[in-house]
Colleague: 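This is the structure I have questions about; it appears just below.
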Amino acid sequence: MRVLFMCTANSCRSILSEAMFNHLAPEGFEAVSSGSFPKGQVLPRSLTTLQHAGISTDGLSSKGNDAFEGCPPDIVITVCNKAAGETCPVYFGPALKSHWGLEDPSDVVGDEASVDAAFRTTLARIEARCQAFFALPFDHFDREQLKLELDRIGTL
């Protein structure tokens, strides 16, 4: 199962989500990320936050939705409110869509400790959501039930 985490810039929340998901993922699951208006580079603090948590940053890059035109995801999860309101590209086809809104830790203003805490808190929330995702009994859900569960996880 391929899950796409989508945000506007694809430099922070969607990158953190992709990396955490893949860090925890059992065989058969893969996450990718994209942005509707990609920044073109991953926020350095996103990378250091992941590294400090012992999560690989290999292959992470800021890219647009068109990067997946030939290989659409099974599930699209938006992680910022702006991206949640955007129309998914038509080539995402029948992908199941859900919203797991996250405050943007890169918007936090303050000293280094405050900004680091915001990034760690965001990563911990993503981890809890990914763990809830992997605990789902996928074999027992139809599409509608899976959608309800994905939406519920987005409230954690």
Side-chain angles (χ1 to χ4, degrees), residues 1-26 29-69 71-89 92 95-136 146-156:
M1 177 179 295
R2 187 173 219 206
V3 177
L4 170 65
F5 288 98
M6 197 171 109
C7 201
T8 306
N10 190 219
S11 63
C12 184
R13 291 166 286 180
S14 54
I15 293 288
L16 294 172
S17 297
E18 173 188 0
M20 177 60 77
F21 186 98
N22 286 332
H23 180 72
L24 298 173
F29 289 87
E30 174 196 23
V32 291
S33 68
S34 72
S36 47
F37 299 96
K39 191 174 230 175
Q41 74 175 45
V42 176
L43 197 66
R45 190 168 310 255
S46 297
L47 297 174
T48 58
T49 299
L50 291 166
Q51 290 164 343
H52 287 142
I55 298 171
S56 175
T57 59
D58 292 346
L60 296 176
S61 66
S62 178
K63 59 209 151 298
N65 295 329
D66 56 343
F68 305 103
E69 188 168 358
C71 187
D74 301 298
I75 297 173
V76 175
I77 298 174
T78 52
V79 292
C80 72
N81 292 334
K82 187 172 181 184
E86 296 172 355
T87 303
C88 280
F92 286 173
L96 200 56
K97 296 156 186 84
S98 188
H99 179 62
W100 292 2
L102 295 163
E103 295 297 318
D104 190 347
S106 67
D107 287 342
V108 171
V109 177
D111 60 19
E112 285 295 308
S114 298
V115 175
D116 282 342
F119 273 80
R120 284 192 312 276
T121 298
T122 299
L123 189 62
R125 194 163 181 204
I126 293 166
E127 180 177 17
R129 289 176 176 179
C130 288
Q131 288 173 339
F133 177 93
F134 292 124
L136 294 174
L146 180 56
K147 167 72 171 140
L148 289 172
E149 285 300 307
L150 291 174
D151 290 346
R152 180 190 62 76
I153 290 170
T155 66
L156 300 178

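Because only heavy atoms are used, hydrogens play no part in the values below, and waters and symmetry mates are left out as well, while side chains stay in. Computed from a predicted model, the values in this text were never measured in an experiment.
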Colleague: Given the rule in the side-chain contact (heavy atoms from CB on, under 4.5 Å) test, do Leu96 and Val76 qualify, once you have shown the distances and angles that lead to the verdict?
Modeller: CA-CA 6 Å; Leu96 200 56; Val76 175; over 6 Å; no
Colleague: Restricting to non-hydrogen atoms, name the atom on Ser62 and the atom on Val42 that form the minimum distance, rounded to 0.1 Å.
Modeller: N-CG2, 3.9 Å
Colleague: Are Lys63 and Ser33 packed together at the side-chain level, in the sense that at least one heavy-atom pair is separated by less than 4.5 angstrom?
Modeller: yes
Colleague: Taking the side chain as C-beta and beyond, is there a heavy-atom pair between Leu136 and Leu146 under 4.5 Å?
Modeller: yes
Colleague: Shortest non-hydrogen contact from Ile55 to Ala19?
Modeller: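 Closest heavy-atom pair between Ile55 and Ala19: CG2-O, 3.7 Å.
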Colleague: What is the minimum heavy-atom distance between Asn65 and Ser36, and which atoms define it?
Modeller: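 What the structure gives for the nearest pair is ND2-CA, 3.8 Å.
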Colleague: State, yes or no, whether a side-chain contact exists between Leu4 and Ile75 at a heavy-atom distance under 4.5 Å.
Modeller: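 Of all side-chain heavy-atom pairs linking Ile75 with Leu4, none is under 4.5 Å.
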Colleague: Do Asn10 and Ser34 have side-chain atoms, one donor and one acceptor, less than 3.5 Å apart?
Modeller: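 The answer is no; no qualifying pair exists.
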Colleague: Report the distance from atom CZ of Arg125 to atom OG1 of Thr121, rounding to the nearest 0.5 Å.
Modeller: 10.0 Å
Colleague: Decide yes or no on side-chain contact (heavy atoms from CB on, under 4.5 Å) for Leu50 and His52, but give the supporting numbers first.
Modeller: CA-CA 5 Å; Leu50 291 166; His52 287 142; over 6 Å; no
Colleague: Quick one: does Cys12's side chain get under 4.5 Å of Pro105's, heavy atoms only?
Modeller: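 Yes, their side chains come closer than 4.5 Å.
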Colleague: Is the shortest side-chain heavy-atom distance between Thr78 and Lys97 below 4.5 Å?
Modeller: no
Colleague: Can you check whether Trp100 reaches Ile126 side chain to side chain, under 4.5 Å on heavy atoms?
Modeller: no
Colleague: How far does CG of Leu60 sit from OG of Ser11, to the nearest 0.5 angstrom?
Modeller: 12.0 Å
Colleague: Which pair of heavy atoms, one from Cys7 and one from Ser14, lies closest together, and at what distance?
Modeller: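 The answer is CB-OG, 3.6 Å.
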Colleague: Between Asn22 and Glu18, does the side-chain contact (heavy atoms from CB on, under 4.5 Å) criterion hold? Intermediate values first, please.
Modeller: CA-CA 6 Å; Asn22 286 332; Glu18 173 188 0; 3.8 Å; yes
Colleague: Is there a side-chain contact (heavy atoms from CB on, under 4.5 Å) between Asp116 and Arg45 once you walk through the steps?
Modeller: CA-CA 8 Å; Asp116 282 342; Arg45 190 168 310 255; 2.4 Å; yes
Colleague: On the 0 to 90° scale, with breaks at 30° and 60°, tag the Phe29-Phe133 ring pair as parallel, tilted or perpendicular.
Modeller: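 Correct class here is perpendicular.
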Colleague: Tell me whether the count of non-hydrogen atoms from other residues, nucleotides or ligands lying under 6.0 Å of NZ in Lys39 goes above 12.
Modeller: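 Atom NZ in Lys39 is not packed in, count stays at 12 or less.
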Colleague: Does Arg120 pair with Glu127 as a salt bridge, N-O distance under 4.0 Å?
Modeller: no
Colleague: Could you state the interatomic distance from CZ (Arg13) to OG (Ser46), rounded to the nearest 0.5 Å?
Modeller: 10.0 Å
Colleague: Counting C-beta onward and ignoring hydrogens, is there a side-chain heavy-atom pair between Val3 and Phe21 closer than 4.5 Å?
Modeller: yes
Colleague: Are the side chains of Val79 and Met6 in contact, using a 4.5 Å heavy-atom criterion?
Modeller: no
Colleague: What residues form a salt bridge (charged side-chain N to carboxylate O under 4.0 Å, His left out) with Arg129, not counting sequence neighbours?
Modeller: none
Colleague: How many angstroms lie between atom OG1 of Thr49 and atom CD1 of Ile15, to the nearest 0.5 angstrom?
Modeller: 12.5 Å
Colleague: Within this structure, what is the OG-CG distance for the pair Ser98 and Asp151, rounded to the nearest 0.5 Å?
Modeller: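 One gets 4.0 Å once the value is rounded to the nearest 0.5 Å.
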Colleague: About how many Å separate SG of Cys80 and CG of Asp104, when rounded to the nearest 0.5 Å?
Modeller: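 Atom-to-atom, Asp104:CG and Cys80:SG are 8.0 Å apart.
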